[in-house]
Number of protein chains: 2
Amino acid sequence: MTGLSRQTPASFKQGGLSRIQEKNRSLILEAALGEFSRKGFSGATVERIAAEAGMSKSNLLYYFSSKEAIYEATLAHILEVWLAPLKTLDPLGDPADELAAYIRQKIELSAKFPEASRLFANEVMQGAPQILPVLETDLKRLVMEKCRVIEDWIEAGRMRPVDPVHLIFTIWATTQHYADFSVQIRALTGKDLSDPDFQRETEASVTALILNGAGLKWPAESDAGA
Amino acid sequence: MTGLSRQTPASFKQGGLSRIQEKNRSLILEAALGEFSRKGFSGATVERIAAEAGMSKSNLLYYFSSKEAIYEATLAHILEVWLAPLKTLDPLGDPADELAAYIRQKIELSAKFPEASRLFANEVMQGAPQILPVLETDLKRLVMEKCRVIEDWIEAGRMRPVDPVHLIFTIWATTQHYADFSVQIRALTGKDLSDPDFQRETEASVTALILNGAGLKWPAESDAGA
DNA sequence: GTGGGATTTGACCAAATGGTCAAGATGCAA
DNA sequence: TTGCATCTTGACCATTTGGTCAAATCCCAC
């Protein structure tokens, strides 16, 4: 009787996705991440996404109603992972340790999910058409909260007075740079974050530069190898 | 007699472009920069570029034989400007002054030509299909040369031992971040580099962070206002 | 002013691509 | 096994878009 349910993947009835749906949506999102990050939204084709996910274009459009819907889902899927590390910045911890840990996590993400980084960068560079609202609300609230944490550290004389928001931008910029510009980095150094040695070297350099720039001792006293 | 010259803008005969050609090529390149930086290569349309340049699509294709040709010309046009500042890093100057000047120039570029920055970022993020050769030759040579300069400063004990290539990457990352992610920055701070006050503030923060991170005194002694 | 090359454009074409649809295949509960 | 909902697909369509072409129109040296 219902002519309606036909084009709706049984789906959301009460949030329960069927086994097949679970698998296919997951395959699609993974393929979409690769395609969108490689080609950008406009350059990506649903045909290629479908092929990479191992199904027909028609079938893909059975699970996601449009190219834009796939894009939004992909973006939402990575956004939480992407912004998570900042939340761990602990006001009660040691400033140097906390910032070092944050930088390490961000570089870890850049190393493990360079495609997500590029997709995010692409979205923001195009004017953040999909995620601007999130940036202006959730992210802004989070950043302001963590800026307050840093300000408190500064007022307590535990680090040099730096503008917290620029400190955060600098951390974002540097860590994401290694993912987004990996081709350039490989062209210049012959390596990128996929090389564990290079990842360690990058982490050490970036952390030392930023922490010392913020007036924190780094590496912390301990054995500083040759 | 020559059926050949017809589709070739009188052009290159000996490098002399006619007045009209000069004007139109310039209009096209400016329009293309806007369109490509806003939409990326795939998202851009020659129709819109032509409209923005105030001419018909057919006429645009009279000056550039294809969309890709416009893209290459646009990229080549900005590339020299983009890489110029690094060349000014003077081995004979004071490390702090030299690096501060370099950072200032890069931020100046990000403020004045954010579209060029985004176009460049886009190109590299897609794998640098057009400019990879340049990166691997000219840019690599330049970077290695300047790394040597920094190493000499370090060996002379004039700055903390830092990996020069990571120092350069950090400067690139931070300065370009303010152009490429200006939408995010505006969402979080309400301002961006188009605001002169924000530009000064950014320059001061970034310079202080990086130079102090590199073990250099900054700001140099002088009146440090309240 | 005039002839011929430079410039400009509208009409047109072919390929790529997002999306629809109806029919067929598959999985599963009874 | 059978009936029905879920799942899958090939055929098809409309639009967008990069690019061509022949016919104007413009510009300028003579």
Side-chain angles (χ1 to χ4, degrees), chain A residues 1-28 31-32 35-36 38-74, chain B residues 1-28 31-32 35-36 38-74 129-130:
Chain A
M1 296 52 205
T2 115
L4 276 178
S5 68
R6 190 154 34 92
Q7 198 60 323
T8 306
S11 56
F12 312 134
K13 277 172 180 169
Q14 69 276 54
L17 299 207
S18 83
R19 185 179 50 83
I20 295 179
Q21 281 173 43
E22 193 86 44
K23 188 192 64 174
N24 282 343
R25 290 181 72 98
S26 159
L27 284 173
I28 292 170
E35 174 75 359
F36 282 130
R38 214 161 17 245
K39 307 294 194 79
F41 177 79
S42 304
T45 78
V46 298
E47 179 88 46
R48 267 196 302 261
I49 296 174
E52 200 173 317
M55 69 187 68
S56 67
K57 184 178 62 163
S58 305
N59 202 21
L60 185 152
L61 287 164
Y62 170 71
Y63 289 100
F64 292 91
S65 59
S66 70
K67 182 184 183 182
E68 205 174 324
I70 311 171
Y71 182 71
E72 286 173 27
T74 308
Chain B
M1 293 58 198
T2 116
L4 277 179
S5 68
R6 189 152 37 91
Q7 199 59 322
T8 307
S11 55
F12 313 133
K13 279 172 180 169
Q14 68 276 54
L17 299 207
S18 82
R19 187 178 48 84
I20 294 180
Q21 282 174 44
E22 192 86 44
K23 188 192 65 174
N24 281 343
R25 290 180 73 98
S26 160
L27 283 173
I28 291 170
E35 175 75 359
F36 283 130
R38 220 168 3 253
K39 308 294 194 76
F41 177 79
S42 304
T45 77
V46 297
E47 178 88 46
R48 267 196 302 261
I49 295 175
E52 201 172 315
M55 69 188 67
S56 68
K57 184 178 63 164
S58 304
N59 201 22
L60 185 152
L61 286 164
Y62 170 70
Y63 288 100
F64 292 91
S65 58
S66 71
K67 182 185 181 181
E68 204 173 324
I70 311 171
Y71 182 70
E72 286 174 25
T74 309
Q130 303 297 330

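Numbered from 1 within each chain, the chains take letters A, B, ... in sequence-line order.
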Sub-3.5 Å pairs of nitrogen or oxygen atoms, protein against nucleotides 11-18 of chain D:
| residue | atom | partner | partner atom | Å |
| --- | --- | --- | --- | --- |
| dG18(D) | OP1 | Ala44(B) | O | 3.2 |
| dG18(D) | OP1 | Lys67(B) | NZ | 3.2 |
| dG18(D) | OP2 | Val46(B) | N | 3.1 |
| dG18(D) | N7 | Lys57(B) | NZ | 3.1 |

If you compare every side-chain N and O of Asn59(A) against the phosphate oxygens of dC7(D) (OP1, OP2), does one of them come in below 4.0 Å? no

With a 4.0 Å limit, can you tell me whether Tyr62(B) has a side-chain N or O closer than that to the phosphate oxygens OP1/OP2 of dC21(D)? no

Which whole-number value in Å describes the distance from Tyr63(A) OH to dT6(D) P? 11 Å

Cationic tip of Lys67(A) above Phe41(A) ring, under 6.0 Å, 45° of axis: yes

If you measure from CD1 on Ile49(B) to CG on Leu60(B), what distance do you get to the nearest 0.5 Å? 6.5 Å

Between Phe64(B) and Ala69(B), which heavy-atom pair has the shortest distance, and what is it? CD2-O, 4.1 Å

Whole angstrom value for the distance that separates C1' of dG19(C) from CD1 of Ile49(A): 14 Å

Quick check for you: to the nearest 0.5 Å, what is the distance between Glu52(B) atom CD and Thr45(B) atom OG1? 10.0 Å

How long is the line joining CG of Leu60(A) and P of dG10(D), in whole Å? 14 Å

Answer yes or no: does a side-chain N or O of Gln21(A) lie under 4.0 Å from OP1 or OP2 of dT6(D)? no

As an exercise, state the distance from OG of Ser56(A) to OH of Tyr62(A), rounded to the nearest 0.5 Å. 12.0 Å

Could you check how far CD of Glu22(B) sits from P of dT7(C), rounded to whole Å? 12 Å

Restricting to nitrogen or oxygen on both sides, can you table the protein-nucleotides 27-30 of chain C pairs closer than 3.5 Å?
| residue | atom | partner | partner atom | Å |
| --- | --- | --- | --- | --- |
| dC28(C) | OP1 | Arg19(A) | NH2 | 3.2 |

For dT8(D), does OP1 or OP2 lie under 4.0 Å from any side-chain N or O of Asn24(A)? yes

